[in-house]
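Quick one: the structure is below, and I'll ask about it shortly.
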Amino acid sequence: MSTRILQIVLILLVGSFQRLALAETPDGNSCVSCHSDIWEEVSASIHSQQGVFCQDCHGGNPAIADKDLAKAAGTGYIGIPDKAQIAKTCGECHADVEKMNFYGIRTDQL
């Protein structure tokens with residue numbers, strides 16, 4: 001029985017990683033289909049290199065191809081954040097000493 005549970009867990013994990021990987025590539029990221037003009041810059045950024053992508057700051061669901069559904073209520077879509085949202089969103093990581101200490105980035109500015 002425990003072997004069967006392990007198999008199910010492994011299948012679920014692999015499926016989850018595949019969905020995450022697809023969401024972070026131009027082919028699987030619906031954000032890129034409209035914003036391909038900035039994908040090269042974003043994909044080369046330190047944020048992207050560390051696994052921080054469009055939806056992490058702007059919300060929405062990049063795995064959904066339909067633009068309206070990807071930005072629908074419940075997806076956390078905020079689009080272009082206002083000043084207060086920028087401070088809150090960026091501060092969730094940039095004020096976290098454990099996350100930023102590795103990079104030597106100040107965490108006292110939020």
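Quick note: numbers below take in every heavy atom, side chains included, and nothing from hydrogens, waters or symmetry partners.
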Considering non-hydrogen atoms only, spot the tightest contact between Lys67 and Cys34 and give its length.
->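 Answer, listing the atom of Lys67 first, then Cys34: CD-SG, 4.2 Å.
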
Do Thr89 side-chain atoms and Ile86 backbone N/O form a donor-acceptor pair below 3.5 Å?
->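 A pair under 3.5 Å: no.
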
About how many Å separate OH of Tyr77 and CG of Leu69, when rounded to the nearest 0.5 Å?
->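 The distance works out to 13.5 Å.
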
Pairwise distance CD(Glu98) to OG1(Thr107) - rounded to 0.5 angstrom |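 Answer rounded to 0.5 Å: 11.0 Å.
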
Expected output: side-chain Ser48 to main-chain Ser45 donor-acceptor under 3.5 Å =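 No, because the side chain of Ser48 does not come within donor-acceptor range (under 3.5 Å) of the backbone of Ser45.
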
Working to the nearest 0.5 Å, report the span between SG of Cys93 and NE2 of His47.
->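 If I round to the nearest 0.5 Å, the distance is 7.5 Å.
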
Would you name the heavy atoms of Lys99 and Glu92 that are closest together and state the gap between them?
->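 For Lys99 and Glu92, the tightest heavy-atom pair comes out as NZ-O, 4.5 Å.
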
Any donor-acceptor pair under 3.5 Å linking the side chain of Asp56 with the backbone of Phe53?
->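 Answer holds: yes.
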
For side chain to side chain contact (heavy atoms under 4.5 Å, CB included), just list the numbers for Asp37 and His35, CA-CA rounded to whole Å, side-chain angles, deciding distance to a tenth of an Å, and then say yes or no.
-> CA-CA 5 Å; Asp37 56 325; His35 302 284; 4.1 Å; yes

Report the C-alpha separation of Cys54 and Asn29 in whole Å, then their side-chain angles, then the decisive distance to 0.1 Å, and conclude whether the side chain to side chain contact (heavy atoms under 4.5 Å, CB included) test is met.
-> CA-CA 9 Å; Cys54 309; Asn29 186 323; 3.9 Å; yes

Rounded distance [0.5 Å steps], NE2 in His58 versus CD in Gln85 =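 If I round to the nearest 0.5 Å, the distance is 10.5 Å.
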
To the nearest 0.5 Å, how far apart are CD in Gln55 and OG1 in Thr75?
->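 Reported to 0.5 Å precision, the distance equals 10.5 Å.
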
Keeping the roles fixed (side chain from Ser30, backbone from Pro62), state whether a donor-acceptor pair exists under 3.5 Å.
->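 Such a contact is found between Ser30 side chain and Pro62 backbone.
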
More than 12 non-hydrogen atoms from neighbouring residues, nucleotides or ligands closer than 6.0 Å to CD1 on Ile46, yes or no?
->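 Atom CD1 in Ile46 is crowded, with more than 12 foreign heavy atoms closer than 6.0 Å.
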
CD of Gln49: more than 12 outside heavy atoms within 6.0 angstrom?
->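 Check passes, neighbour count above 12.
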
Inter-residue atom distance Ile80.CD1 - Cys57.SG, 0.5 Å rounding =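 Atom-to-atom, Ile80:CD1 and Cys57:SG are 13.5 Å apart.
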
